[in-house]
Structures are given as C-alpha cells and as structure tokens.
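First comes the structure, then the notes that go with it.
Model, not experiment: these values are computed from the prediction. Start at 1 and go down the list; that is how both ligands and their atoms are numbered.
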Amino acid sequence: MNYTSTRNNRLSVSASFAIANGISAEGGLFVPESIPHTDAAFIASLAPLSYTERARKILPLFLTDYTEKELKAYTAAAYGSQFEGPAPAPVTPLHDNVSVLELWHGPTCAFKDMALQLLPHLLTGAAKRVLEGKESVILVATSGDTGKAALEGFKDVAGTRILVFFPDKGVSPMQKLQMTTQEGNNVGVCAIEGNFDDAQTGVKAIFTDAGVKERLLKNNMCFSSANSINWGRLVPQIVYFFSAYADLLAKGAIANGEKINFCVPTGNFGNILAGWYAKRMGLPVNKLICASNENDVLTEFLTTGRYNRCRTFHTTVSPSMDILISSNLERLIFHLLGNDSDETNRLFAALKENGEYTVSDALLEEIKATFAAGCCNDDATKAAIADTYREHGYLCDTHTGVAVRVYEAYRAAGDMTPSVIVSTASPYKFSKAVLGALTDGRFTAENEFDMVSELEAFTGIPAPAPLKGLKGKTPRFTNVCTQAEMEAQVYGLLGIED
Ligand SMILES: *Cc1c(COP(=O)(O)O)cnc(C)c1O
C-alpha cells in the first residue's frame with residue numbers, strides 16, 4: 001500500500017517515506033491511497049487477543065513495507081510494562097450500554113502515549129529504508145504535554161535523539177518537573193526565556209537552516225518530525241477503536257456486526273479521524289460524535305459545512321482541545337472529495353487567505369451521515385465531572401468531561417445505540433479542575449502534589465504511579481537559554497560541538 005498527499009494526488013510513496021518525512025514537500029499531509037477492508041470474521045478474530053496482538057493484525061494492513069518481525073518487536077516495546085494495569089487501552093462500563101475507553105494508562109497519563117510510544121520505533125524502521133540508517137533527531141517545542149509524551153516515547157530508542165525546548169515560565173510546575181527529570185541516554189531538555197511561540201519559532205528556524213542540516217549530516221544525523229500530522233502518529237490510533245469493539249464483543253456486551261457509537265473529545269482531529277479510518281475499514285460504527293469545549297469551530301463545521309477560524313480563542317479547563325485549526329481535518333476532506341487534491345488545495349488556500357472555507361452541500365451530507373457534533377463550556381464540563389462521579393462512581397478528567405457532557409446530550413436526543421466515550425487523560429493530570437468540580441471549589445491543597453493527594457483522599461482512587469513518582473525528584477536538565485542560543489544548545493545536547 002502506498003501513500004499520496006492531500007495537496008498532490010499524483011504522488012505515491014511508501015509508508016516508511018511518509019513516516020520519515022512527516023509532511024509532504026508541497027505542504028500536504030500523507031494519506032493512504034486506498035483504505036484496507038476488514039470483515040466480520042477478522043473482527044471476531046480480534047476478540048480473544050491482547051492489545052499488542054490486535055495491533056499486530058491491524059498495523060500491517062497499512063504499513064506494508066515493514067516486516068512482520070519489525071512490527072512484532074515494535075509493538076512489544078511500545079505497549080509493554082510502561083502501561084499500568086491489565087491492558088494499555090481498557091474499556092470500563094459506565095452505565096446502561098455506555099462504556100469508557102481509557103487511553104491514559106501510559107507513562108505520561110494521556111492519550112498521546114498511545115501513538116508516541118510506537119512512533120519512535122516506526123521511525124527507526126523507516127530510517128533504515130529511506131534515510132540510509134542516519135540517526136533521527138527530533139526537535140520539539142512544547143507548551144507542556146506533547147514534549148513529555150515525546151520524551152517518554154523516544155527515550156533510549158536506538159537510532160534516535162530527542163531534544164525538547166519549553167518556555168521557562170509557560171508550563172505548569174508539574175509539567176516542568178516531568179520534563180526536567182526525564183531519564184534516558186538520548187534525550188535533552190532545555191528551558192527558553194520567552195513564551196511558547198518563541199520556542200516554536202526557534203525550533204522552526206533550526207529545523208530549516210541549511211548550515212545546521214549540514215553539520216548534522218557530517219555526524220550521520222538528520223532531522224525528523226514527531227508532530228501530530230505524521231502518519232506514524234495516526235496509524236497506531238486506529239488500533240484502539242478496533243480493540244474497544246473487540247473488548248465489547250469478548251464481554252458479550254454487543255453482537256458481532258452490531259453498530260456502536262464513539263464519542264471523542266477533539267482538538268486537532270487526530271483521534272476521531274483514526275475512528276473514521278476504522279469505520280471505513282469495516283468496523284461497525286454508527287456515529288462518531290465529535291466533542292469540543294468552548295472552542296467550537298468543529299461543531300459549527302460538522303453541522304453547517306462552514307469552517308471559520310476567525311473567532312475568539314478561549315482558554316479552558318481542557319487545554320489540549322483549545323484549538324482553532326484542526327490540522328487532521330484536511331485528511332478527512334481529501335478522502336471525502338474522492339482523493340481530489342485540487343479541490344483540497346482550493347479549500348485550504350481559502351482557509352489560509354480568508355480564515356474560512358465552506359464545503360458543498362453534498363459533502364456536508366456525507367459528513368453528517370457519519371459525524372455528530374456538540375460542544376460545552378467549562379461550567380458544563382465541571383458539572384459533567386461531578387455528576388458522573390456522583391451517579392456512576394466514575395472519575396473523569398476535564399477532556400473526558402467534555403465528551404461525557406456532549407454524549408449525554410446526544411443520547412438524550414434519542415439515539416440509544418451502545419456507545420463508547422473515549423477518555424483521553426487521567427483525572428490526576430488535571431487535579432485542580434477535577435477537585436474543584438467535585439468539591440464545588442472548596443478544597444485546601446495549594447500545590448499540585450497536595451491536590452493529587454487531596455483528590456486521592458476524597459475519591460479513594462489511586463493516582464497513577466508516574467505522577468506520584470515525580471515528587472521529590474531532582475531535575476537533571478537545568479539549562480535556560482535565549483532563542484538565539486538554541487542552536488548552540490542543540491549541538492551541545494547532541495555532542496557535536498566543534
Ligand atoms: C491531544 C489531546 C486531545 C485532542 O486530540 P486530537 O487528536 O488533537 O483531536 C484531547 N484530550 C487530550 C487529553 C489530549 O492530550
């Protein structure tokens with residue numbers, strides 16, 4: 001199976017090429033030329049398997065230039081003991097025929113681990129084939145969560161190096177400690193004076209600088225990217241939609257072939273798009289329900305066909321969904337247009353120039369046949385967290401709270417199909433907001449570790465070990481530099497100074 005670009009459908013490259021390059025040269029996103037099909041027997045065969053075994057049946061359908069041996073080793077390394085509990089992506093009953101798919105049992109306690117634990121391995125396989133075995137250097141500018149998830153994923157993966165820059169005063173104390181105490185022999189972390197945009201601009205400048213590139217080449221290294229539009233981050237996510245269905249099947253909660261809904265808390269549209277690929281592959285999905293916070297650009301688009309980024313940006317208690325441009329939507333539109341890159345180019349040029357585009361009525365009808373959408377504000381999110389805990393004894397984080405709220409409104413409108421709410425972070429990653437929701441703001445803890453303890457005491461639900469284990473750790477990376485000093489930091493961290 002080959003991959004093409006959303007901005008140039010004459011292109012045809014291997015999965016390795018798509019993953020090693022991240023983005024296509026003309027700015028498009030890599031997408032599979034065709035979508036593999038699975039049948040009821042295939043889905044039934046997943047039911048008795050472990051998560052890793054399920055991944056080994058689904059990934060080869062897309063990653064046809066990877067060997068069975070490679071994928072076996074990669075999935076074993078990615079979904080091992082770094083995930084706490086009995087399974088990497090367990091399904092927990094919530095009420096009636098509604099369950100929660102928990103994607104936060106990995107090392108950083110959020111759903112990005114599902115992809116970022118596997119991506120580094122996919123990248124090393126790709127590098128062997130298309131980068132002539134050069135060491136892949138990943139540069140990340142982070143506002144917090146992605147940097148840590150990338151560090152944990154790349155940590156000690158042979159043939160890779162990872163360097164993360166974060167704004168010194170722009171991340172939470174917990175996030176800072178998570179990064180500065182990072183273990184591993186191929187990692188580097190540096191704070192920068194300035195905000196996230198300064199870090200991002202600095203990273204982009206280094207990434208595209210010919211002199212830096214040359215210096216790396218001399219040391220048999222080259223830059224690769226781990227950002228959320230890399231196909232290597234999307235494809236691992238398809239697995240857990242099949243896995244959730246297989247779990248329900250194994251429990252006898254549904255019959256094979258019975259359709260289910262998924263409700264996904266959405267930002268960049270990567271998670272829910274993986275669900276769309278699963279549906280296209282033949283997974284019996286009725287509706288994909290897209291849940292947004294007050295940043296409701298997707299709610300408007302999926303219900304009216306108009307995407308308009310010119311709106312107020314809201315900072316919410318579900319920060320990973322605070323987004324105005326959902327990059328992965330481009331892939332959906334390209335596919336629904338029948339792989340028409342000219343029309344995709346026209347729409348996204350309009351987005352760039354005018355901040356908006358509108359799709360045809362026919363396309364909107366197709367979207368509505370698969371997607372439902374809803375949004376809610378912070379008060380509704382907190383109410384959903386409190387209600388879910390009180391009524392069902394289930395503790396959810398703020399992002400999941402948005403999904404619960406949007407799902408309950410959708411269900412109340414009449415569709416009682418068995419449903420899975422996708423949960424994207426541990427409640428302990430957002431202890432302050434969750435504790436506030438449960439206690440109506442009446443709690444005593446003042447720092448994040450005390451809030452974790454207070455939430456544990458209040459609910460009796462233990463916090464994940466990776467978060468508790470940070471307490472009392474001594475930072476390993478204490479450098480702070482200016483944007484202008486970032487290049488020198490890169491050489492220093494890579495050990496390739498003159
Ligand atoms: C990244 C993230 C999301 C949004 O996922 P997308 O794939 O960007 O739609 C939701 N919740 C959490 C906790 C996240 O980290």
Check each atom of ligand 1 against the heavy atoms of [X] and keep those under 4.0 Å away; list them by number with element.
X	answer
Gly270	6 (P), 7 (O), 9 (O)
Thr266	9 (O)
Asn271	7 (O)
Phe269	6 (P), 8 (O), 9 (O)

Centroid separation Phe241 to Phe262 less than 6.0 Å: yes

Nearest to [atom], what protein heavy atom do you find, and at what distance?
atom	answer
atom 8 (O) of ligand 1	Asn268 N, 2.7 Å
atom 5 (O) of ligand 1	Phe111 CE2, 3.4 Å
atom 12 (C) of ligand 1	Thr424 OG1, 3.4 Å

Considering all heavy atoms of both residues, which atom of Pro107 and which atom of Pro466 are nearest to each other, and what is their separation? O-CB, 3.3 Å

Show your reasoning for whether ring pair (Phe, Tyr, Trp, His ring centres under 6.0 Å) applies to Tyr277 and Trp231. CA-CA 12 Å; Tyr277 279 111; Trp231 177 253; 5.3 Å; yes

Backbone or side chain, does any N or O of [X] fall under 3.5 Å from an N or O of ligand 1?
X	value
Gly267	yes
Lys112	yes
His399	no
Ala425	no

[Y] and [X] side chains, donor-acceptor separation under 3.5 Å:
X	Y	value
Arg309	Asn354	no
Asn268	Ser327	yes
Glu152	Gln182	yes
Asp322	Asn295	yes
Gln175	Asp145	yes

